[in-house]
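Letters go in sequence order (proteins before strands), and every chain restarts at 1.
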Protein chains: 2
Amino acid sequence: MRNRAEVPTEVFRKLPAEKRERIISTAVEEFAEHGFHQASINRLVKRLGIAKGSIFQYFTSKEGLFQAVFDHCVDQARKPLREIKHHPEGMGFFDKIRATLEAGIRFVRAHPQAYKLYLKMIFQENFPYREKLLSRLHLFSADYLEDLIRQGIEKGEIRKDINVPTAVFFLDALLDRFIQAYVVAFWDASSVIHQAKDEDLKKHIEEFVKLIRSGLEAKTNEHTC
Amino acid sequence: MRNRAEVPTEVFRKLPAEKRERIISTAVEEFAEHGFHQASINRLVKRLGIAKGSIFQYFTSKEGLFQAVFDHCVDQARKPLREIKHHPEGMGFFDKIRATLEAGIRFVRAHPQAYKLYLKMIFQENFPYREKLLSRLHLFSADYLEDLIRQGIEKGEIRKDINVPTAVFFLDALLDRFIQAYVVAFWDASSVIHQAKDEDLKKHIEEFVKLIRSGLEAKTNEHTC
DNA sequence: AAAGATAATGACCAGGTGGTCATCAATCTG
DNA sequence: CAGATTGATGACCACCTGGTCATTATCTTT
């Protein structure tokens, strides 16, 4: 956070926007493909067709480059997050869940590399700025879902006897995993979500929300009525 | 698969069991901590107090060592998997889900390093034998869950109108993520599952299964009856 | 056009990697 | 005990890494 303005050097900031973008987006690809340590500056500069020394004139170090890449991705993610948070008040709880899923899919479609980078960071413990990323994301996902659930309870859409933290975890797991399955093939055991077309995706979102809403159990209402 | 008998050299197989185990389990730690590429043979042999040359007399290459490590972990995982698959016939669907969760927790408690290694492999695309691992796991999780769900439908425990692949995905996501949250702190936004004690864990498993069973929606039975 | 400032370059560096192999130590065999 | 066989060893190799910096090229200003 501190010195963030210094991380891409002044030299880099003076570069034509076009070149700046090309460098950042190529670097995103490199990190998303290989993780932090396996990512290679040599390979990057070869892909870019510039000299290695230039990279270190633009960014103080590999870590500095990564920080710039990371900040770039966070910026990309900001808009959709706000968009989701400010859903119209009239929407019901399960509509909001559906909208969240749709916005998530929209994001990973628009920025697949950024999302891949996020996935890489999750399980590669020695990534720099891991803590920073995770705290930022927690701020979003957990708090957002808890708000949603409490509102849903107040409005009578959700059972009152529910354990809120468990429900937060429940939803977080499902939403996150749904998005992951769209991007990473093998998370999707039954191969229905991964890279699905719009129509099929809508159906699966519908089915999915239905499960979140009512669970798996067969209704026994007939017996009681 | 081919040449699997050749992968740990005869020299290694002649070693006293004690030393063999120490080498494998230290290697598991190294790979679980650092992933494949970041794992260092130099560091490993230093930890073990043996010469680097020895490792290459025991295993043909770093990849060979990893294969041995991997096979070792799969062997560790086999017993609990079988145990789960052969649950007593009398058990209801949701009891089986509960038992699956409990068995999963028991496994990661007994072999945390093996599980960490699995997590590392998931998002590190250039890991060797990734396909092999994933196909093995799919065989378990998806097929097993599908069986369970179909049985549950036949017995009338699960709604008949359910979309089976979606339900498989739904369950797979939840079970997997529950186990992950026990091991990896930050998956557990609300910090209730991670490394929980037996009593608390039982409660959370109960709450969790309740959600899987009935979903989030408030029951509206009162109105209809 | 000349002078000065700024940016691009790639040979070079120290350090680490997986892997090799001649040498040495120990055990087994006759 | 002598000879042979096997296993342990670590100096060494080629290669790659992030990072440096003197040199060169380009642009700006006068």
Side-chain angles (χ1 to χ4, degrees), chain A residues 3 6-24 26-31 33-70 120 124 126-129, chain B residues 3 6-24 26-31 33-70 120 124 126-129:
Chain A
N3 281 349
E6 293 285 353
V7 159
T9 315
E10 200 167 350
V11 185
F12 181 72
R13 270 174 290 152
K14 276 196 238 163
L15 246 46
E18 198 181 327
K19 189 171 183 181
R20 255 174 11 219
E21 277 163 32
R22 206 171 72 87
I23 289 174
I24 289 288
T26 311
V28 171
E29 276 178 33
E30 180 67 22
F31 283 120
E33 248 174 85
H34 301 283
F36 180 76
H37 293 281
Q38 276 290 111
S40 159
I41 304 282
N42 290 330
R43 194 166 35 202
L44 176 64
V45 296
K46 211 168 280 173
R47 272 216 253 178
L48 283 168
I50 66 175
K52 176 147 70 161
S54 296
I55 285 289
F56 291 92
Q57 214 156 20
Y58 301 155
F59 312 93
T60 49
S61 64
K62 187 184 188 181
E63 214 169 289
L65 168 62
F66 177 73
Q67 190 168 133
V69 160
F70 173 67
K120 273 267 160 60
Q124 218 153 3
N126 38 3
F127 244 103
Y129 314 112
Chain B
N3 281 347
E6 292 285 350
V7 159
T9 314
E10 200 168 348
V11 186
F12 181 71
R13 271 174 286 152
K14 277 196 236 163
L15 248 45
E18 199 181 326
K19 190 172 183 182
R20 255 171 14 217
E21 277 163 31
R22 205 170 74 87
I23 290 174
I24 290 287
T26 309
V28 171
E29 277 178 34
E30 180 67 23
F31 283 120
E33 248 174 84
H34 302 283
F36 180 76
H37 293 281
Q38 276 289 111
S40 159
I41 304 282
N42 291 330
R43 196 166 33 201
L44 176 64
V45 296
K46 211 168 279 175
R47 271 215 253 177
L48 283 168
I50 66 175
K52 177 147 69 160
S54 296
I55 284 289
F56 290 91
Q57 213 154 21
Y58 301 156
F59 311 94
T60 48
S61 64
K62 188 186 188 180
E63 215 169 287
L65 168 62
F66 177 73
Q67 192 170 133
V69 160
F70 173 67
K120 272 268 159 62
Q124 223 152 2
N126 37 4
F127 244 103
Y129 313 111

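Computed from coordinates, the B/Lys46 NZ to D/dT9 P distance equals 15 Å when rounded to whole Å. In this structure, B/Ile41 places its CD1 atom 16 Å from P of C/dG16, rounding to the nearest Å. Put simply, CZ on B/Phe36 is 14 Å from P on C/dT17, counting in whole angstrom units. In this structure, B/Ile23 atom CD1 and D/dA8 atom C1' are separated by 12 Å, rounded to whole Å. In this structure, the CD1 atom of A/Ile50 is 7 Å from the P atom of C/dT9, given to the nearest Å. Rounded to an integer number of Å, the gap from NE2 of B/His37 to C1' of D/dC16 is 14 Å. Per the geometry, CZ belonging to B/Phe31 stands 11 Å off C1' belonging to C/dG18, to the nearest Å. Atom P of nucleotide D/dG18 and atom CG of A/Asn42 are separated by 6 Å, given to the nearest angstrom.
To the nearest 0.5 Å, atoms OG1 (A/Thr60) and CG (A/Leu65) are separated by 9.5 Å. To the nearest 0.5 Å, atom OH of residue A/Tyr58 and atom CD of residue A/Glu10 are 14.0 Å apart. A distance of 4.5 Å separates CD1 of A/Ile23 from CD1 of A/Ile50, quoted to the nearest 0.5 Å. Rounding to the nearest 0.5 Å places OG1 of A/Thr9 at 11.0 Å from CZ of A/Phe56. In this structure, OG1 on B/Thr26 lies 11.0 Å from CD on B/Glu21, to the nearest 0.5 angstrom.
With hydrogens and angles ignored, a donor-acceptor pair under 3.5 angstrom links the side chain of A/Lys52 to the base of D/dG19.
The shortest side-chain heavy-atom distance between B/His34 and B/Arg43 falls under the 4.5 Å cut-off.
With distances taken from any side-chain atom of A/Ala51 to the nucleotides C/dG19, D/dG10, C/dT9, the minimum falls on C/dT9.
Closest of all the heavy-atom pairs between A/Leu48 and A/Arg22 is O-NH2, 2.7 Å.
OP1 or OP2 of C/dT17 has at least one side-chain nitrogen or oxygen of B/Ser40 nearer than 4.0 Å.
Between A/Phe66 and A/Phe36, the angle of the ring planes goes over 60°, which puts this pair in the perpendicular group of the 30/60° scheme.
With A/Glu30 contributing its side chain and A/Ile41 its backbone, the two residues share no donor-acceptor pair below 3.5 Å.
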Look for any protein N or O under 3.5 Å of an N or O in nucleotides 5-7 of chain D and output each such pair with its distance, or none.
| residue | atom | partner | partner atom | Å |
| --- | --- | --- | --- | --- |
| D/dG7 | OP1 | B/Lys14 | NZ | 3.1 |

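Each of B/Ile55 and A/Ser54 has a nearest nucleotide on DNA chain D; the 5'-most of these lies closest to B/Ile55.
Across its full length, the helix from C/dA1-D/dT30 to C/dC28-D/dG3 shows an angle of 10° between the axes of its 5 terminal pairs at either end, rounded to 10 degrees.
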